[in-house]
Structure formats: structure tokens, C-alpha cells
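Since the structure comes first, as C-alpha cells, the remarks are kept for the end.
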Protein chains: 2
Amino acid sequence: MPKTKQFDEAEVLKKAEEVFNEKGYNGTSMDDLVRATGLSRSSIYDTFGDKHGLFLKALGNYQDGQNRAMQTLQAKTDSAKKKIRSIFDYMINDIVTDKARKGCMMVNANMELNCVDKDVAQMALTTMEEMEQQFTIWIKEGQAAGEISKKFPAKTLARNLYNNLMGLRVTGRNRPDYDTLRDITKVTLSLLDQ
Amino acid sequence: MPKTKQFDEAEVLKKAEEVFNEKGYNGTSMDDLVRATGLSRSSIYDTFGDKHGLFLKALGNYQDGQNRAMQTLQAKTDSAKKKIRSIFDYMINDIVTDKARKGCMMVNANMELNCVDKDVAQMALTTMEEMEQQFTIWIKEGQAAGEISKKFPAKTLARNLYNNLMGLRVTGRNRPDYDTLRDITKVTLSLLDQ
DNA sequence: TATCATTTGGAATAATCGTTCCAAAGTTAC
DNA sequence: GTAACTTTGGAACGATTATTCCAAATGATA
């Protein structure tokens, strides 16, 4: 009977995610990954195939984690407006508590690799479309319930909200200041009111 | 009397900018730069010091170009609201006409290198603050002239506008569709109206 | 304990990397 | 044409890179 793996794959992905996020894909060497994960090269290659395979797995893992966290928060309320607000609150908190200022792995990967890595480009597009779709659903509910303005079509407003979320990822990288990000978001969310 | 340089530095910076923008800093090799610029290694090192020096110079050159283009457009009108609109129009047009989908070099560099390159982080922060300051000035003018709503403090609204511009840089990377970006911007600019 | 089949550790490999090196080439002045 | 001084071309260099390789180690089972 063969030896079984002695490491926790989820833990390894988390460690890889952190170093990839900090140094970028091309700026992260296999040595960096060996050190960060505590695994030998053989273990990394046997489990993930190659550097790129590990990267994609870590990126998917990262986004799943983000999605789950946001899902948990928005489920605490039935109000569409509050669901949307909870997403922005989550995002601001994520930015402000990111001590190493690593930013969002999906945005980083997309900005670094969109031209040269189709897998990453596709993941980023899918993530965007899913989030926009979720916002659209909530906005439609909110508009039907009368708590969100009908001034703009739901899809358009949803896209603007997502745009603002991504903007936070960029500007928050430069200046992860809670009050500033809160103020920016207040203005954004005022769009739901008119 | 010594031989004079046989290349146009501005042209070289432009070429370097393009390849850096497409492949990222760490994904671009000196071979790539030699090929893209048509220069020998000696010429590159003699003129720019090293890869990093060339990168920073190209990045500064890129941002100067962006600033000049936006400056030219906004100068065509006295209306603060129209100045702001012209910046968004410029940005959308820049995104949509970017055939290779390289994106914004400053955003790309910042997302790739913010944690590991203080020069880049500083340049990105400076660029952001300058743009926000410019928006603040225009918004104040517009509020004084009665063409822009006084609902939000000028600085806060300026930051939200900049946030939206950066959002366009990210979302436009995934989906450089003119109509979509226009719609997103319409919602954003409605903030100036109330 | 023995067996089995995988995991592990880490050296080896070929290629690539950023930078240095230096002779040849080129421009200008005399 | 010669002298002076920089630019240019591209090979050389030491370090780093992602991946392969393979023997030792090890966990699971009988």
C-alpha cells in the first residue's frame, strides 16, 4: 500500500496564493513556492503538474474563498440593498486588513497576464460576469420591492457597481484607508437611492 | 569628437513601453527589449542604466503621454462637467482602441509590483492624487457654477470619479466593449447631476 | 516484519536571465 | 588622413529559472 500524501492541499494552496499574490506570477520562483509551502519540488510537481497549474489552482481557490465569504455575508439579510452594501463592506474590509497590501489575486493576475495567458483572462471574465449577474438579480429584486431606484436598467447599474468594486481594488492598493474607501462607496451606493 | 547616439530615445521608450505593457515587468526579458527596440544591449544599458531604470522611464513616459492627451481634450471646454466627461471619453476610447488589450501600464505595473517595488508604488500613488486633485478642482468650479450637484463634497466625489476610471481600466481589460463602457460611465456621471 | 507503491528530498539539467565586457565602428574636429 | 571619444554589436559571464530525475524514505496493509 503506497504512502499517502503528508500535506494538506488546501493549506498548500493558501500558502502559494499568498506568495503569488505578493510577487506576481512571473516574479514568483519555484524556490519561493518551495519555501512558502514547505513542500519539496517533487511534491509540487506531482500534485499540481507545473508552476502554471499551481497558479491556476491557487487563483481558483482564492476566488472561491472570496465568493464564499461574500455569500455568507449577503445571506444575512433579505434586503437587496443591504446585500449589495454587504459586498462593498466586505471588499473595503478585505482591503484595509490586507497588511502586506497584496491586493486581489484575480485583479493582479488579470492585469499582469491578460495578454499572455488565456486561462487567466477567461477566469477573470467569468468572475466578472458572475458578479455582475448576481448584482443584476439583486437590483431587480430591489427595484421590484421599491427599495432601489428604477432610474437605470438593472444590468447597467449592476455593471457600474462591479466597476466600482474593481476601482476599489486598484485605488485601495495605493491607499488602503478605511474612511476614504467608505466615502467613495457612499457616493456609489447613493446611486441605488434616487 | 565622439559618435552621437543613432536612435531616438522617445521612440525607444515607446517600443519598450509596449512590450512591458503586454508582458509585464518580470515577464519581459532583455532579449524582448532588444528585439522590440532594435537596440543592442550596450545601448540600452548605457542609456537607461538597467532593466528597472528603463522600466521606470517608460512608465513615466507612458503616464506623461496619458496626461498630455487628457490635458488637450479637457482644454477644449470651459464647462467643468464637460471636462470631466472628456476624461471619461478619452479613457473609454483608449480602452476600446487598444487592439492588443495591453491595458493601462500604470495600473498593470501597480498591480504587479506594488508590494515589491517602492518606486512603482510611489508613482501610482502620485498619479492617483494628482488626478483626484484635478477632478476636485473641476468639481468645485462646477458646483460654484451650478452645473454640478453639491450633494457630495468635491473631494469625495472626485475620489469616486477616479475610482470609476480605474474600474474601467480593470473591467475594460476583460470586455473592451464601447457601449458597455459608455453605459457604465453614464451612470457614474449621473452623480454630477443631482 | 515484509511488501508495495507512492511520497519525499534535493541534486542535476538545459535554458534563460540580467549584466558586463571589449573590440569594431562611427562621428566630429583638426 | 589621423586622433579622440563615444556608440554599437554581440559574445561571455555568473546566477537563476522551471523541470526532470532517481534513490531514500515512508505510510498502509497483510
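Chain letters run A, B, ... following the sequence lines, proteins first and then strands; every chain starts at 1. Just so it is clear, the values below take in all heavy atoms, side chains as well, and ignore hydrogens, waters and symmetry mates. Please read these numbers as outputs of a predicted model, since none were measured by experiment.
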Taking [atom1] from [X] and [atom2] from [N], how many angstroms apart are they, rounded to a whole number?
{"X": "H52(A)", "N": "dT17(D)", "atom1": "NE2", "atom2": "P", "result": "18 Å"}
{"X": "F7(B)", "N": "dG26(C)", "atom1": "CZ", "atom2": "C1'", "result": "14 Å"}
{"X": "M30(B)", "N": "dT17(D)", "atom1": "CE", "atom2": "P", "result": "17 Å"}
{"X": "Y25(B)", "N": "dC17(C)", "atom1": "OH", "atom2": "P", "result": "13 Å"}
{"X": "I44(B)", "N": "dG10(D)", "atom1": "CD1", "atom2": "P", "result": "13 Å"}
{"X": "L39(B)", "N": "dT8(D)", "atom1": "CG", "atom2": "P", "result": "7 Å"}
{"X": "N26(B)", "N": "dT16(C)", "atom1": "CG", "atom2": "P", "result": "18 Å"}
{"X": "Y45(B)", "N": "dG10(D)", "atom1": "OH", "atom2": "P", "result": "17 Å"}

- prompt: On a plain distance test, is the side chain of R41(A) in donor-acceptor contact with the base of dT8(C) below 3.5 Å?
  reply: no
- prompt: Do S29(B) side-chain and dG18(C) base share a donor-acceptor contact under 3.5 Å?
  reply: no
task: Would you indicate whether K23(B), at its atom NZ, is surrounded by more than 12 heavy atoms from other residues, nucleotides or ligands within a distance under 6.0 Å?
output: no
task: With DNA chain C as reference, determine whether D50(B) or P2(A) sits nearer its 5' end, using the nearest nucleotide of each.
output: P2(A)
- request: Look at all strands and tell whether D46(B) reaches a base, only sugar-phosphate, or nothing, counting heavy atoms closer than 4.0 Å.
  value: base
query: T28(B) near the nucleic acid: base, sugar-phosphate alone, or nothing, with a heavy-atom cut-off under 4.0 Å?
result: sugar-phosphate
- request: Give a yes/no verdict on a cation-pi contact between K51(A) and Y25(A), requiring under 6.0 Å between NZ or CZ and the six-membered ring centre and an angle within 45° of the axis.
  value: yes
Cation-pi, F20(B) ring and K102(B) (6.0 angstrom, 45 degrees): no
message: Going by salt bridge (Lys or Arg N to Asp or Glu O under 4.0 Å), name the residues that satisfy it together with K15(B), two or more places apart in sequence or in a different chain.
response: E11(B)
Let's see if you can work this out: which of [options] has an atom nearest to the side-chain heavy atoms of [X]?
{"X": "K51(A)", "options": "dG9(D), dA18(D), dT8(D)", "answer": "dA18(D)"}
{"X": "S42(B)", "options": "dT8(C), dC21(C), dC17(C)", "answer": "dC21(C)"}
{"X": "T4(A)", "options": "dG10(D), dA28(D), dT7(D)", "answer": "dA28(D)"}
{"X": "Q6(B)", "options": "dC17(C), dT8(D), dG18(C)", "answer": "dT8(D)"}

Give a yes/no answer on whether the side chain of [X] brings an N or O atom under 4.0 Å of OP1 or OP2 in [N].
{"X": "K3(B)", "N": "dC5(D)", "answer": "no"}
{"X": "K5(B)", "N": "dT7(D)", "answer": "yes"}
{"X": "S43(A)", "N": "dT8(C)", "answer": "yes"}

- prompt: Does one side chain, of N108(B) or E112(B), offer a donor that lies under 3.5 Å from an acceptor on the other?
  reply: no
